[in-house]
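This report concerns only the one structure given below.
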Amino acid sequence: MDSNSTEIVHEFPSLFRVYKDGRIERLMATEIIPPGTDSDTGVQSKDVTISSETGVSSRLFIPKTADTAKKLPLLIYIHGGAFCIASAFNPAFHKHAATLAAQANVVVLSVNYRLAPEHPLPIAYDDTWNAVQWAASHVNRNGPEMWLNDFVDFQRVFFAGDSAGANLAHNMAIRASVDGLNGLKLDGILLIHPYFGNDQPDKLIEYLYPTMSGLDDPRINAVKDPKLSSLGCSRVVIFIGGKDFLRERGKSYYEALKNSGWSGGVELVETEDEGHVFHLYLIGTGKNEYPKCTQRKG
């Protein structure tokens with residue numbers, strides 16, 4: 001066997017290995033499931049192409065209550081996975097999106113951006129922005145996807161994501177304030193256990209984002225962003241876990257946004273005794289009692 005195919009040159013345990021021949025082996029969250037009708041919620045899903053050039057796609061979900069006579073809010077959801085693992089088609093993220101569509105009675109567009117390190121950051125930011133722009137192309141109800149044309153109220157749009165996806169959601173709201181949304185009205189963003197940087201080096205981010213400008217790069221370290229006060233929505237909810245290793249970064253973001261001069265309303269929700277993205281592991285377990293939460297509003 002060629003030694004280049006077996007020699008590991010980079011490894012981030014539990015995430016991925018990079019071999020000398022360039023091959024990348026992901027170590028978790030590689031499973032995918034097809035779209036269809038969810039047996040628990042009746043939510044329908046299908047896959048849509050965002051860009052044939054880049055291969056970026058999304059999975060679209062509509063609740064069983066969808067009716068062309070009553071338009072529904074649009075939730076653009078961005079999956080987590082440290083920018084380097086998982087997808088919108090992973091069973092946990094598929095089920096999470098279907099549950100959101102059913103319980104919140106919204107249309108969900110779950111973005112499947114390209115992963116680093118093959119596609120180093122900031123490619124994921126550009127891919128996600130392209131998905132937002134693709135959604136906006138339906139504002140006049142003549143876009144390429146009929147579910148968006150028929151069922152969405154484009155004046156009630158939300159961005160959401162978990163972990164790295166929360167970072168991406170925040171950055172989409174920042175970009176929206178600069179570049180506009182072509183007719184979409186961004187009402188709010190929901191950040192679940194957000195993966196932001198701080199003043200400490202992060203070897204994973206340094207590897208995935210080789211052109212990063214340093215520890216204060218605003219895409220990674222949001223509290224250092226001079227444009228934070230211009231966040232392009234009126235409401236933000238930040239979820240943190242009491243035992244999440246990213247807990248303090250979520251709290252720092254809350255405090256920075258609250259004190260930035262931004263004119264919107266921000267809320268911090270802490271789930272006690274829970275770790276990072278615990279909600280993905282609760283879905284489908286049949287548990288009806290949600291863990292205890294505390295809330296703070298700015």
Side-chain angles (χ1 to χ4, degrees), residues 76-78 80 82-83 111 113 116 119-133 135-136 157-240 244-270 296-298:
I76 298 179
Y77 193 87
I78 311 157
F83 301 104
V111 181
Y113 55 89
H119 306 285
L121 297 174
I123 286 175
Y125 296 98
D126 295 333
D127 286 350
T128 306
W129 182 250
N130 287 340
V132 171
Q133 296 294 86
V157 177
F158 299 84
F159 299 160
D162 60 275
S163 195
N167 176 306
L168 289 161
H170 157 80
N171 276 281
M172 295 307 102
I174 289 289
R175 189 161 178 178
S177 70
V178 176
D179 294 343
L181 288 172
N182 296 327
L184 296 183
K185 182 180 179 182
L186 180 62
D187 194 338
I189 61 174
L190 300 92
L191 310 181
I192 305 169
H193 305 174
Y195 184 9
F196 292 123
N198 56 15
D199 59 358
Q200 299 298 314
D202 185 324
K203 292 186 180 300
L204 176 63
I205 291 297
E206 290 173 359
Y207 184 73
L208 301 178
Y209 194 173
T211 60
M212 183 175 66
S213 61
L215 294 177
D216 291 348
D217 189 295
R219 279 174 165 152
I220 299 299
N221 194 350
V223 303
K224 299 293 186 179
D225 189 348
K227 299 192 295 292
L228 185 60
S229 63
S230 66
L231 193 69
C233 60
S234 61
R235 293 186 283 172
V236 175
V237 181
I238 306 146
F239 297 89
I240 60 175
D244 184 5
F245 70 101
L246 294 175
R247 174 179 180 270
E248 294 305 315
R249 302 186 197 188
K251 288 181 66 177
S252 295
Y253 175 88
Y254 166 77
E255 294 294 342
L257 183 60
K258 185 176 65 170
N259 297 317
S260 69
W262 176 64
S263 60
V266 57
E267 182 176 351
L268 181 72
V269 180
E270 180 169 359
R296 294 167 60 185
K297 295 184 177 181

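In what follows, residues are counted from 1 in the order of the sequence shown.
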Task: Main-chain N/O of Leu228 paired with Trp262 side-chain donor or acceptor, under 3.5 Å - done: no
TODO: Scan side-chain atoms only and decide if Asp202 and Tyr195 contain a donor-acceptor pair under the 3.5 Å cut-off.
DONE: yes
TODO: Would you check if Ile76 and Val111 make a side-chain contact, meaning some heavy-atom pair closer than 4.5 Å?
DONE: yes
Task: Residue pair His193 / Asp244: nearest heavy atoms and the distance that separates them - done: CB-OD2, 3.3 Å
Open item on the list: Measuring only between side-chain heavy atoms, which start at C-beta, is Val157 closer than 4.5 Å to Lys185?
Closed with: no
- [ ] Answer yes when Arg235 and Glu267 have at least one side-chain N-carboxylate O distance shorter than 4.0 Å, and no when they do not.
- [x] no
TODO: Kindly give the heavy-atom pair with the smallest separation between Ser213 and Pro218, and that separation in Å.
DONE: OG-CD, 4.5 Å
- [ ] Identify the two heavy atoms, one from Ala169 and one from Ile189, that lie closest to each other, and give their separation to 0.1 Å.
- [x] O-CG2, 4.4 Å
TODO: Using a strict cut-off of less than 4.0 Å between a Lys/Arg side-chain nitrogen and an Asp/Glu carboxylate oxygen, indicate whether Glu206 and Lys203 qualify as a salt bridge.
DONE: no
Open item on the list: Less than 4.5 Å apart, side chain to side chain, heavy atoms only: is that true for Val269 and Val237?
Closed with: yes
Task: Stepwise side chain to side chain contact (heavy atoms under 4.5 Å, CB included) check, Phe83 with Leu204 - done: CA-CA 10 Å; Phe83 301 104; Leu204 176 63; over 6 Å; no
- [ ] Find out whether the Lys NZ or Arg CZ of Arg219 is both under 6.0 angstrom from the six-membered ring centre of Tyr125 and within 45° of the ring's axis.
- [x] yes
Open item on the list: Check whether Asn171 reaches the backbone of Asn167 with its side chain - one donor and one acceptor, N or O, closer than 3.5 Å.
Closed with: yes
Task: Pairwise side-chain contact, Leu190 with Phe239, heavy-atom cut-off 4.5 Å (strictly under) - done: yes
Open item on the list: Distance check, rounded to the nearest 0.5 Å: Leu268 atom CG versus Leu191 atom CG?
Closed with: 10.5 Å
Task: side chain to side chain contact (heavy atoms under 4.5 Å, CB included) evaluation trace for Leu231 with Leu257 - done: CA-CA 9 Å; Leu231 193 69; Leu257 183 60; 4.1 Å; yes
Task: Any donor-acceptor pair under 3.5 Å from Ser234 side chain to Asp187 backbone - done: yes
Open item on the list: Testing the basics here: between Ser163 and Gly80, what is the closest heavy-atom pair and its distance to 0.1 Å?
Closed with: CB-CA, 4.4 Å
Open item on the list: If you compare all heavy atoms of Gly250 against all heavy atoms of Pro194, which two are closest, and at what distance to 0.1 Å?
Closed with: CA-CG, 4.1 Å
Open item on the list: Can you confirm whether the side chains of Tyr113 and Asn130 place a donor and an acceptor under 3.5 Å from each other?
Closed with: no
- [ ] May I have the step-by-step check of side chain to side chain contact (heavy atoms under 4.5 Å, CB included) for Phe196 and Ile220, ending in yes or no?
- [x] CA-CA 5 Å; Phe196 292 123; Ile220 299 299; over 6 Å; no
Open item on the list: Determine whether the aromatic ring centres of residues Phe159 and His170 are separated by less than 6.0 angstrom.
Closed with: no
- [ ] Compute whether any side-chain donor of one residue and acceptor of the other, for Asp217 and Asn221, lie under 3.5 angstrom apart.
- [x] no
Open item on the list: Applying salt bridge (charged side-chain N to carboxylate O under 4.0 Å, His left out) to Lys251 and Glu270, what does each step give before you reach the verdict?
Closed with: CA-CA 9 Å; Lys251 288 181 66 177; Glu270 180 169 359; 5.6 Å; no
TODO: Write down the atom of Ile174, the atom of Lys227, and the distance for their closest heavy-atom approach.
DONE: CD1-O, 3.6 Å
- [ ] Before accepting this row, confirm whether a basic side-chain N of the pair Asp126/Arg175 lies closer than 4.0 Å to the acidic partner's carboxylate O.
- [x] yes
- [ ] Can you measure from CD (Gln133) to CG (Leu181) and round to the nearest 0.5 angstrom?
- [x] 7.0 Å
Open item on the list: Between Pro120 and Tyr209, is there a side-chain heavy-atom distance shorter than 4.5 Å?
Closed with: no
Open item on the list: Quick check for you: to the nearest 0.5 Å, what is the distance between Leu215 atom CG and Ile205 atom CD1?
Closed with: 11.5 Å
Task: Gap separating the CG atom of Leu208 from the CG atom of Leu121, nearest 0.5 angstrom - done: 6.0 Å
